[in-house]
Amino acid sequence: MKTALVLGAGGFIGSHLVKRLKAEGLFVRGADLKHPEFGASAADEFIIGDLREQDVVRTVYDRRFDEVYQLAADMGGAGYIFTGEHDADIMHNSASINLNIADAANKLGVGALFYSSSACMYPAYNQLDPGNPNCEESSAYPAEPDSEYGWEKLFSERLYLSYARNYGMKVHIARYHNIFGPEGTWQGGKEKAPAAVCRKIAMTQSGGDVEVWGDGLQTRSFLYIDECVEGTLRLTRSDKTGPYNIGSDEMVTISGLVDMVSDVAAKPVGKRFVPGPTGVRGRNSDNRLIEAELGWRPSEPLRDGLAKTYAWIEAQVLAQDKV
């Protein structure tokens, strides 16, 4: 039986990845600071521990695994990573985890190691035009990420590439672009834009207003969780290293995202534009490289994913209201 280790298995993407690996018949060990928030993990074993600590990593990573998925990080949405209030924690926590995991994988061996980087590592100067951002993989340098979160992701990409170059470790790196879907964080400050918009509309009466940070003209693309897992497995089981973008190229303004969720919910709402952290003006996944080299591209329209996500978040809001 093939074995997999999922680090960050208590998080949104990690918990969905564990389900997919188990459905394929792998033995899966998960590890995180916490269990998944919205249900039991499907992992065969789940170890609660702080991966910043070397002793914990030695317990979690105690033998060679066929596949290791390194998703563990200190992260969140714009309200967390762009305020500047959490920069030191983000840098220290995530870098510590990656240094520990790279060392353990090198010492104990790994069939394939996947690292989840982020589109936040792309230079801010290439994302000033909301209608024409440049997020081609080759555009990463000269480096100028728009946040310390992005700088740490760039550092860790180079860390794993160094281990691949110096020690022959089989490494695969993806730059995720705004992954969303059911069972993701939807309140509390770490939620991503689709979840935040779904929550606001679910909690607003028809005809009411929802807050939008900035002018709403900033652009993004959003990838549904099932598509993300499929792209991740394709890359990890290939002979390609990357980095590759894993995202959707269906770009939308944040104002347009509100309109789309409003339509999905059949609930007309107004918008109240307020000051808030917005990140870069434009960002969209450039999928040409991964499609050419791996034959992968997302297939589901944004609206379909939003419909499933809104239904789930609306149910969470209603259940909370009953408590």
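Predicted model only: the values in this text are computed from it and were never measured.
Comment: Asp215 does not engage Lys271 in a salt bridge, judged by the lack of any side-chain N to carboxylate O separation of less than 4.0 angstrom. We find that Lys170 and Asp239 are not joined by a salt bridge, their nearest charged nitrogen and carboxylate oxygen being 4.0 Å or further apart. A salt bridge is absent between Lys2 and Glu24: the closest approach of a Lys/Arg side-chain nitrogen to an acidic carboxylate oxygen does not fall below 4.0 angstrom. For the pair Arg288 and Glu136, the salt-bridge criterion is met [side-chain N within less than 4.0 Å of a carboxylate O]. With respect to Asp304 and Lys308, no salt bridge is recorded, no charged nitrogen being found less than 4.0 Å from a carboxylate O.
The environment of Met91 atom CE is dense: over 12 non-hydrogen atoms of other residues, nucleotides or ligands sit within 6.0 angstrom. For CZ of Arg64, the number of neighbouring non-hydrogen atoms (other residues, nucleotides, ligands) closer than 6.0 Å is greater than 12.
Counting only N and O atoms by type, the side chains of Asn245 and Tyr122 include a donor and acceptor under 3.5 Å apart. With hydrogens and angles left out, the side-chain atoms of Arg297 and Asn287 include no donor and acceptor closer than 3.5 Å. When only modelled atom types and interatomic distance are considered, Asn98 and Glu152 share a side-chain donor-acceptor pair under 3.5 Å. Checked by atom type, the side-chain pair Gln127/Asn134 shows no donor-acceptor distance below 3.5 Å. Between the side chains of Tyr176 and Thr232, at least one donor N or O lies within less than 3.5 Å of an accepting N or O.
With sequence neighbours excluded, no residue forms a salt bridge (Lys or Arg N to Asp or Glu O under 4.0 Å) with Glu37. Taking His35 as the reference, Phe46 meet the ring pair (Phe, Tyr, Trp, His ring centres under 6.0 Å) condition, with sequence neighbours excluded.
Residue Tyr80 belongs to a hydrophobic cluster whose other members are Met75, Ile81, Phe82, Ile90, Tyr149, with links defined by side-chain heavy atoms closer than 4.5 Å.
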*Residues Arg175, Glu157; criterion salt bridge (Lys or Arg N to Asp or Glu O under 4.0 Å); working and verdict*: CA-CA 9 Å; Arg175 294 168 178 166; Glu157 284 188 12; 2.8 Å; yes
Margin query: Run the ring pair (Phe, Tyr, Trp, His ring centres under 6.0 Å) test on Phe38 and Trp312 for me, step by step, so that the C-alpha distance in whole Å, both residues' side-chain angles and the decisive distance to 0.1 Å come before the verdict.
Written below: CA-CA 11 Å; Phe38 301 107; Trp312 182 83; 4.8 Å; yes
Test salt bridge (Lys or Arg N to Asp or Glu O under 4.0 Å) applied to Arg20 and Asp226, step by step | CA-CA 9 Å; Arg20 172 67 181 269; Asp226 292 350; over 6 Å; no
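Using a 4.5 Å heavy-atom threshold, the side chains of Val280 and Pro133 count as separate.
The backbone N or O of Ala72 lies less than 3.5 Å from a partner atom in the side chain of Gln70, making a donor-acceptor pair. In this structure, the side chain of Lys190 does not engage the main chain of Gly79 through any donor-acceptor pair within 3.5 Å. Judged by distance alone, with hydrogens and angles left aside, the side-chain atoms of Lys22 form no donor-acceptor pair with the main-chain N or O of Val28 at under 3.5 Å.
Ring to ring, Trp213 and Phe273 are not that close: their centroids are 6.0 angstrom or more apart.
Note: Tyr69 and Phe114 have tilted aromatic rings, judged against thresholds of 30 and 60 degrees for the angle between ring planes.
When the side chains of ILVMFWY residues are joined at heavy-atom separations under 4.5 Å, either directly or via intervening members, Phe222 and Trp186 end up in two distinct hydrophobic clusters.
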